S.K.: 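Below is the structure I would like to discuss, written out as C-alpha cells.
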Amino acid sequence: MASQNAKKKGTAAEPKYPLGLLLPIIAVLSVIPLITYMYSYETKLGKFEWYTSQTSAVDFFLHTKLIWFLVACACMIFCLVYMIFADEQKAAWCKILIPLAIYCGISFISALASSNRDFCFSGIYEQFEPVWALMGYCLTAYYCFFIMRTEAAVKRIMPWFVAGITVMVLLGLSQALKHDFFRTSLGQKLMTPSTYKGGPLKFNFEEGRTYLSLYNPNYVGFYVCLIVPILVGLIFAFKKVWAKIGCAVLIVSLMLILFASQSRAGILAVIFSLIVMLLCMRKVFIKNIKIVIAAIAVFIVAFIGINVANQGILLDRMKSMFSTEAEYHPLSEITTNDDNVSIVYNNETLIIKCTQDANGTDQFSLTDKSGKEVAFALNEDSSSYVINDERFPFSFSSIRSDSFNGYQITIDDKTWYFTNMMKENDSTFYTYGPGGAIMKLTKQTKSLSFLENHLHFANMRGYIWARTLPLLKKYFLLGSGPDTFIIAFPNNDLVGLYNSGHINEIITKPHCTLMQIGVQTGVISLIAWLVFFIWYLVSSLKLYWKHDFSGYLPKIGVSIFVGVIGYLIISLTNDSCIAVAPVFYAVTGMGLGINYKLKKDQKETGTAQIKEVAK
C-alpha cells in the first residue's frame, strides 16, 4: 500500500535494506566493542636491543576484537559484491571519499615498503592495529555510507546501536560502582578459555575507575564523546516518551562513566562538541530550554559528585592538564661510544674511559670535554669511587657477577650500568637497561623547545611528543609501516625516559592519532586523512548551520557531525585503537550517507521549486 501511494504521488519509496546487509554494521557498532577474550602470544620483539627479556605476553582487549572486525569487513565486501552485481545497485561514490581512498592506498604501500613488514600485517605488542585494520576502517566508512543513504536504513540500525550502548553502559556502571563485572568469577570465565589454569586475573586500574571493554580509561573518552551527541539527537528524533527517557538515562550514565574514567580530554571534548551542537540546533534547543537547563544541572552535579567521591581527583587532573611549569633536568645526555661513556650534566661533559688490565680489573680514566683530567678517589669504606669535582657529584664502582660484568655510576640517586664485556667480539660500550636489555645510548634529535622544557606536559605526553615530532621528517614519505610506532620510537633514550617519569617503560604509542598516522604511514597519508575529515566537517557545518531540523535524518546527521568533532579533539591527545576506532569510522560513514541524502533532497526540492515558478 505504501509503495502504491508513493507511485500515485510520483515519488519512489525508499528501499528497506534486509537485516542481513545491516549485520556487519551492527557487529561493528554494538558487538565487537564488547568482545574481551584472552590471547597469549609471542611478542617477536626480542631482536630489538631495547626490549626486555620477556618475549611472551597476554592480551584481553585488542586481538580478538581485531579478528572479529576483519570478519565483519569480509562480510561487508561480500554484501557490496552482492548488491552491486547480483542486486544491480549502482555503486555509490562522492568526491569526499577520494582522500580517504588515498589514505587507504598509501597505508597498504607503506606496509609493503616497511622493513618490519611482518608486524605491519599481523599487528604488534599492545596495539594490534595492522594495515588490515586501517584498510578495514576505510571500508567500514564506505560501507556505512553506501547503506545509510536512506531514512529506513538509519531507523532500522539505531535500535541495535542503542542496545549495544546499553550493554556498555551497564558494564561501565558496574565498574564505576566498584562492582566490576570483569572482576567477578563469571566475568573472568567469559574472558578466559576453558583450558586456563591460572589464578584470578590482575587488573591495572584501581576499583571505581572505568575502562569498559576498551583496554584503557582514555578510550572511554573516545567512546562517550562519540555516543552522547547521538543519544541527544535521538531524544529529539524519537516520538515516544519512553524512548526519549531511555536515551536521557543512557546519557546521564555515560557522563558518570566518563567522569569515573578520569579522562580529562574526554570531558573537555564532550563539553566542546555539545556547545557546537547547541549552536547548530539553537532553534530546537530554545524551544526546549527547560530540558537544556536541566541537562546542564545534571552534568554539574554528576561532575561534583564523582569528584568528591574520588577525593577531588577530577579537578586535580583537570588542573594538571594545563600545567606548563618549565622543568630543569641536570642530567641531559648519556652516550655510549666505542671506547668511552659520555655524560652531560648541567651542560658539563664528563668522559669516562674504562679498560681491563691483565687481571681483568677495571682501570678508569676521567676527563672533561676539554680533555682535562677529573680527579676521583675511593670513599671511606673503599666500596666505590667518588669524583672530586663539584661539576660531577657522582660515585662509581666496578661490578662482577654471574649476570653482569661492568661498572655502575650513581647520578642523583639513580644508578646507571655500563659494560664493554657483555657482547661477544664487541668491546664497545653499552648500557644495561630495564629487564636486562643491553643497548646503546645515542644522542637524541631535539624537538620544539617548549616540549623539551616541559616533558611532563599533558600527563607526561610532552616527552613522547618531543621525541615523536623528529620522526615525522624521518618517515615523511611512507612512514615506518602500520603498527610499528614502538619500533620507530627511540626507546633507547633512557635519559629522556628517566627525566620524563617513564623510567623502566617502553613507549608503544604516541598518544596522538595525528602523530601516529604521520610516523607509521607517512605525512602524505596524514594530509589525506586530514583532508577527508576537514572536508566532512566543513560540508556538515554548511549543511546544518541553517537547517530547520524538521525531519528524522537531520537530527541524526548533526549529532554524528558533533560526535566526530569530539572524537577528533580527543585524537589530539590519544591514539587510534582497534577497541573503538571501528565504531568511529562506522559512525562517520553513517554521517556521510545522511549528508549525501539530505543534500540530494535539497537539490531535488530546489529544482522542483524552480520548475514550479517557471510554470
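Small disclaimer: the values here were computed from a predicted structure and weren't measured. Numbers here simply count residues along the sequence, with the first being 1.
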S.K.: Donor-acceptor pair, T484 side chain versus I487 backbone, under 3.5 Å?
M.R.: no
S.K.: What I want to find out is whether E333 reaches K443 closely enough, with some N-O distance under 4.0 Å, to be called a salt bridge.
M.R.: yes
S.K.: Would you say that more than 12 heavy atoms from the other residues, nucleotides or ligands in this model lie under 6.0 Å from the NZ of K542, or not?
M.R.: no
S.K.: I would like to know whether F60 and Y37 meet side chain to side chain contact (heavy atoms under 4.5 Å, CB included); could you show each step before the answer?
M.R.: CA-CA 5 Å; F60 286 91; Y37 197 72; over 6 Å; no
S.K.: Between Y142 and L592, is the side chain to side chain contact (heavy atoms under 4.5 Å, CB included) condition met? List the steps.
M.R.: CA-CA 9 Å; Y142 176 75; L592 284 172; over 6 Å; no
S.K.: What's the shortest heavy-atom distance between N216 and Y211, and which atoms?
M.R.: C-CB, 4.2 Å
S.K.: Parallel, tilted or perpendicular: which fits the ring planes of W50 and F48, with parallel below 30° and perpendicular above 60°?
M.R.: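 Ring orientation of W50 relative to F48: parallel.
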S.K.: Check step by step if side-chain hydrogen bond (donor to acceptor under 3.5 Å, both in side chains) holds for N218 and R264.
M.R.: CA-CA 8 Å; N218 288 333; R264 297 164 294 182; over 6 Å; no
S.K.: Checking side-chain polar atoms at under 3.5 Å, does D575 have a donor or acceptor matched by the opposite partner on Y219?
M.R.: yes
S.K.: Pick one: which of T431, N504, N499 meets side-chain contact (heavy atoms from CB on, under 4.5 Å) with L494?
M.R.: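 Answer after filtering T431, N504, N499: T431.
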S.K.: Would you check if there is a donor-acceptor pair between the side chains of H454 and E327 at a distance under 3.5 Å?
M.R.: no
S.K.: In the structure I gave you, are the side-chain heavy atoms of I251 and V232 within less than 4.5 Å of one another anywhere?
M.R.: yes
S.K.: Please round to the nearest 0.5 Å and tell me the distance separating atom OG1 of T521 and atom CH2 of W529.
M.R.: 10.5 Å
S.K.: Does the N491 side chain pair with the main chain of I486, one donor and one acceptor, at a distance under 3.5 Å?
M.R.: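 Answer holds: yes.
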S.K.: Once rounded to the nearest 0.5 Å, what's the spacing between atom CG of L134 and atom SG of C104?
M.R.: 8.5 Å
S.K.: Check whether the ring centres of F145 and Y596 lie less than 6.0 Å apart, and answer yes or no.
M.R.: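 Under 6.0 Å, so yes.
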S.K.: Answer yes if the side chains of N595 and R149 hold a donor-acceptor pair under 3.5 Å, and no otherwise.
M.R.: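 The criterion, which ignores hydrogens and geometry beyond distance, is not satisfied for R149 and N595.
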S.K.: OG1 of T573 to CZ of R461: how many Å apart, nearest 0.5 Å?
M.R.: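 Here the rounded value is 5.0 Å.
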S.K.: Check ring pair (Phe, Tyr, Trp, His ring centres under 6.0 Å) between Y41 and all other residues, then give those that pass, not counting sequence neighbours.
M.R.: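 Y41: ring pair (Phe, Tyr, Trp, His ring centres under 6.0 Å) contacts with Y39, F128.
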S.K.: Using a 6.0 Å cut-off, check whether atom NZ of K440 has over 12 heavy atoms from anything other than its own residue.
M.R.: yes
S.K.: Find the distance between CE (M281) and NZ (K555) and round it off to the nearest 0.5 Å.
M.R.: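 Here the rounded value is 6.5 Å.
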S.K.: For F85, does the CZ atom have more than 12 heavy-atom neighbours from other residues, nucleotides or ligands under 6.0 Å away?
M.R.: no
S.K.: Report yes if the side chains of K65 and Y215 come closer than 4.5 Å at any heavy-atom pair, otherwise no.
M.R.: no
S.K.: Would you find more than 12 non-hydrogen atoms of other residues, nucleotides or ligands less than 6.0 Å from Y82 atom OH?
M.R.: no
S.K.: Could you go step by step and tell me if Y567 and T588 meet the side chain to side chain contact (heavy atoms under 4.5 Å, CB included) rule?
M.R.: CA-CA 10 Å; Y567 189 101; T588 301; over 6 Å; no
S.K.: Please answer whether the main-chain N or O of M460 pairs with a side-chain N or O of H502 as donor and acceptor at a distance below 3.5 Å.
M.R.: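 Yes, because the side chain of H502 sits within donor-acceptor range (under 3.5 Å) of the backbone of M460.
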S.K.: Are side-chain heavy atoms of F146 and Q89 found at a separation under 4.5 Å?
M.R.: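 SC-SC contact between F146 and Q89 confirmed.
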S.K.: Please name the pair of heavy atoms, one in P130 and one in G123, separated by the smallest distance, quoted to 0.1 Å.
M.R.: CB-N, 3.6 Å
S.K.: Between R467 and D493, is there a side-chain N and carboxylate O pair less than 4.0 Å apart?
M.R.: yes
S.K.: For the CG atom of L478 and the CD atom of Q520, what is their distance to the nearest 0.5 Å?
M.R.: 13.5 Å
S.K.: Taking atom CZ of F78 as the centre, report whether more than 12 heavy atoms of other residues, nucleotides or ligands fall under 6.0 Å from it.
M.R.: no
S.K.: Applying ring pair (Phe, Tyr, Trp, His ring centres under 6.0 Å) to Y103 and F532, what does each step give before you reach the verdict?
M.R.: CA-CA 9 Å; Y103 165 72; F532 168 72; 9.1 Å; no
S.K.: Please lay out, stage by stage, how V531 and Y536 fare under the test side chain to side chain contact (heavy atoms under 4.5 Å, CB included).
M.R.: CA-CA 8 Å; V531 168; Y536 167 70; over 6 Å; no
S.K.: Could you check whether any side-chain N or O of H547 sits under 3.5 Å from a backbone N or O of F549, counting only pairs where one atom can act as donor and the other as acceptor?
M.R.: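 Checked: pair present.
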S.K.: Just how far is it from atom SG of C144 to atom CE of M590, taken to the nearest 0.5 Å?
M.R.: 7.0 Å
S.K.: Of all the heavy-atom pairs spanning M277 and P229, show the shortest one and how long it is.
M.R.: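 In this case the closest contact between M277 and P229 is CE-O, 3.5 Å.
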S.K.: Would a line drawn from the ring center of F584 to the ring center of F533 be shorter than 6.0 Å?
M.R.: yes
S.K.: For residues A111 and C120, report the shortest heavy-atom separation together with the two atoms involved.
M.R.: CB-CB, 3.8 Å
S.K.: Distance only, no hydrogens: is a donor on one side chain within 3.5 Å (strictly under) of an acceptor on the other, for E42 and T55?
M.R.: yes
S.K.: Do E129 and S576 get their side chains close enough for a donor-acceptor pair, meaning under 3.5 Å?
M.R.: yes
S.K.: Could you check whether any side-chain N or O of S571 sits under 3.5 Å from a backbone N or O of C512, counting only pairs where one atom can act as donor and the other as acceptor?
M.R.: no
S.K.: Can you name the nearest heavy-atom pair linking W465 to L572, along with the distance?
M.R.: CZ2-O, 3.7 Å
S.K.: Closest heavy-atom contact between C280 and F561?
M.R.: SG-CE2, 4.0 Å
S.K.: Name the atoms and distances for all side-chain donor-acceptor pairs under 3.5 Å in residues 267-274, with sequence neighbours left out.
M.R.:
| unit_1 | atom_1 | unit_2 | atom_2 | d |
| --- | --- | --- | --- | --- |
| S273 | OG | A269 | O | 2.9 |
| S273 | OG | V270 | O | 3.0 |

S.K.: Do T43 and F119 touch side chain to side chain, with heavy atoms closer than 4.5 Å?
M.R.: no
S.K.: Got a donor-acceptor contact below 3.5 angstrom from the E452 side chain to the S447 backbone?
M.R.: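 Yes, because the side chain of E452 sits within donor-acceptor range (under 3.5 Å) of the backbone of S447.
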S.K.: Backbone N or O of I106 within a donor-acceptor pair of the S525 side chain at under 3.5 Å?
M.R.: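 No, the answer is negative, given that no donor and acceptor are paired below the 3.5 Å cut-off.
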S.K.: Taking the side chain as everything from C-beta on, heavy atoms only, tell me whether L234 gets closer than 4.5 Å to I556.
M.R.: yes
S.K.: With the side chain counted from C-beta on, respond yes when L214 and F61 share a heavy-atom pair under 4.5 Å apart, and no when they do not.
M.R.: no
S.K.: Output yes when a side-chain donor or acceptor of T150 lies under 3.5 Å from a complementary backbone atom of M148, and no otherwise.
M.R.: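 No, the answer is negative, given that no donor and acceptor are paired below the 3.5 Å cut-off.
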S.K.: Quick check against the 3.5 Å criterion: does T336 have a side-chain atom that pairs as donor or acceptor with the backbone of L441?
M.R.: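 Yes, the answer is positive, given that a donor and an acceptor are paired below the 3.5 Å cut-off.
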S.K.: Quick one: does L541's side chain get under 4.5 Å of L537's, heavy atoms only?
M.R.: no
S.K.: Run the ring-centre check on F457 versus Y463 and record whether the distance is less than 6.0 Å.
M.R.: no
S.K.: Hey, is the main chain of F121 close enough, under 3.5 Å, to the side chain of W132 for a donor-acceptor pair?
M.R.: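 Looks like yes, one N/O pair under 3.5 Å.
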S.K.: Is W535 atom CH2 crowded by more than 12 heavy atoms from other residues, nucleotides or ligands, each under 6.0 Å away?
M.R.: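 Above 12, so yes.
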S.K.: Does L62 reach the side chain of L66, with side-chain heavy atoms less than 4.5 Å apart?
M.R.: no
